[in-house]
Amino acid sequence: MGASKSEQFSSEHNEMASLMKALGHPARIAIFEHLLQIENCICGDLVNVLPLSQPTISQHLKEMKLVGLIKGNVEGNSICYCLDEHKVEQIFTYIKEIKTALSLKNSCC
């Protein structure tokens, strides 16, 4: 996070920020949605789905794997990716808590 003084925030705040940042690109949202729809995914298959080159897709997958949003298993010369259900649940729970807090709050605007 650089000069944002991330060490002054809780580990939960930093982890959620990393997860949200990993989803902060349209290509990564498309990869996320694609992985939701299929059983598993070989990296090369994404080239047929997204308008991006193989190296670009690999970089996006690397960013998502770095924060644990996806998991990958090597099968021969290919890597099969899937979503990490625990990390997806963390995001869902966080957004659900926001929704609950907003429903209990009086509108200020």
Side-chain angles (χ1 to χ4, degrees):
M1 281 192 174
S4 65
K5 299 185 180 185
S6 60
E7 69 278 353
Q8 295 181 8
F9 296 94
S10 71
S11 60
E12 291 83 9
H13 287 142
N14 282 299
E15 183 175 5
M16 189 55 59
S18 293
L19 288 170
M20 295 295 193
K21 183 178 178 183
L23 288 173
H25 191 285
R28 294 181 199 150
I29 295 292
I31 291 169
F32 185 88
E33 289 176 354
H34 184 70
L35 292 174
L36 278 172
Q37 296 173 3
I38 60 170
E39 194 65 32
N40 58 23
C41 176
I42 297 173
C43 183
D45 293 348
L46 287 169
V47 175
N48 300 326
V49 177
L50 300 174
L52 301 171
S53 68
Q54 180 65 53
T56 301
I57 290 171
S58 292
Q59 183 61 37
H60 286 298
L61 289 168
K62 178 182 172 186
E63 293 295 325
M64 294 173 78
K65 191 170 182 183
L66 185 67
V67 297
L69 193 54
I70 61 173
K71 302 182 276 188
N73 297 317
V74 177
E75 293 183 9
N77 292 336
S78 301
I79 301 177
C80 294
Y81 290 99
C82 64
L83 295 172
D84 184 313
E85 295 88 6
H86 175 71
K87 294 292 183 182
V88 173
E89 184 64 32
Q90 276 184 273
I91 295 169
F92 175 74
T93 300
Y94 180 72
I95 291 173
K96 195 166 100 175
E97 289 170 0
I98 292 171
K99 184 178 184 280
T100 300
L102 283 173
S103 68
L104 297 174
K105 183 178 176 180
N106 291 329
S107 177
C108 65
C109 298

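Remember, predicted model here, so these are calculated numbers, not experimental data. We number each residue from 1, following the sequence as shown.
- Looking at M16 and T93, their side chains never come closer than 4.5 Å, going by heavy atoms from C-beta outward.
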Mind running side chain to side chain donor-acceptor pair (under 3.5 Å) on S58 and Q54 for me, showing each step along the way?
CA-CA 6 Å; S58 292; Q54 180 65 53; 3.2 Å; yes

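- Atoms CD1 and OG1, from I95 and T100 in turn, are 12.0 Å apart once rounded to the nearest 0.5 Å.
- Among residues at least two apart or in separate chains, there is no salt bridge (Lys or Arg N to Asp or Glu O under 4.0 Å) pair with a member in residues 54-63.
- Residue A30 comes nearest to L50 through the heavy atom pair CB-CD2, 3.4 Å, listed as atom of the first residue, atom of the second, then distance.
- In this structure, CG in L46 is found 7.0 Å from CD1 in I38, a value given to the nearest 0.5 Å.
- With values rounded to the nearest 0.5 angstrom, Y81 atom OH is found 10.5 Å from M64 atom CE.
- A pairwise comparison of heavy atoms in L69 and L19 identifies CD1-CD2, 4.3 Å as the closest pair.
- Inter-residue side-chain proximity for E85 and K71 is flagged as met; some heavy-atom pair is nearer than 4.5 Å.
- Taken together through direct or relayed side-chain contacts under 4.5 Å among Ile, Leu, Val, Met, Phe, Trp and Tyr, L66 and L23 form parts of separate hydrophobic clusters.
- With a 4.5 Å cut-off on side-chain heavy atoms, L52 and H60 count as touching.
- Here the CD1-CD1 distance, from I79 to I70, works out to 9.5 Å after rounding to the nearest 0.5 Å.
- Using a 4.5 Å cut-off on side-chain heavy atoms (C-beta onward), L36 and V88 make no contact.
- What you find for I91 and M20 is that their closest heavy atoms are CG2-CE, 4.3 Å.
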Would you please test Q90 and E12 for side chain to side chain contact (heavy atoms under 4.5 Å, CB included) and show each step?
CA-CA 10 Å; Q90 276 184 273; E12 291 83 9; over 6 Å; no

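- The number of heavy-atom neighbours closer than 6.0 Å to OH of Y94, taken from other residues, nucleotides and ligands shown, is 12 or below.
- Under 4.0 Å is where a charged nitrogen must lie from a carboxylate oxygen, and between E89 and K96 no such pair does.
- Interatomic distance, F92 CZ to E97 CD, rounded to the nearest 0.5 Å: 10.5 Å.
- Considering all non-hydrogen atoms of both residues, A22 and V67 come closest at CB-CG2, 3.5 Å.
- At a threshold of 4.5 Å between non-hydrogen side-chain atoms, the residues Q8 and H13 do not count as touching.
- Atoms NZ and CG, on K99 and L104 in that order, are 10.5 Å from each other to the nearest 0.5 Å.
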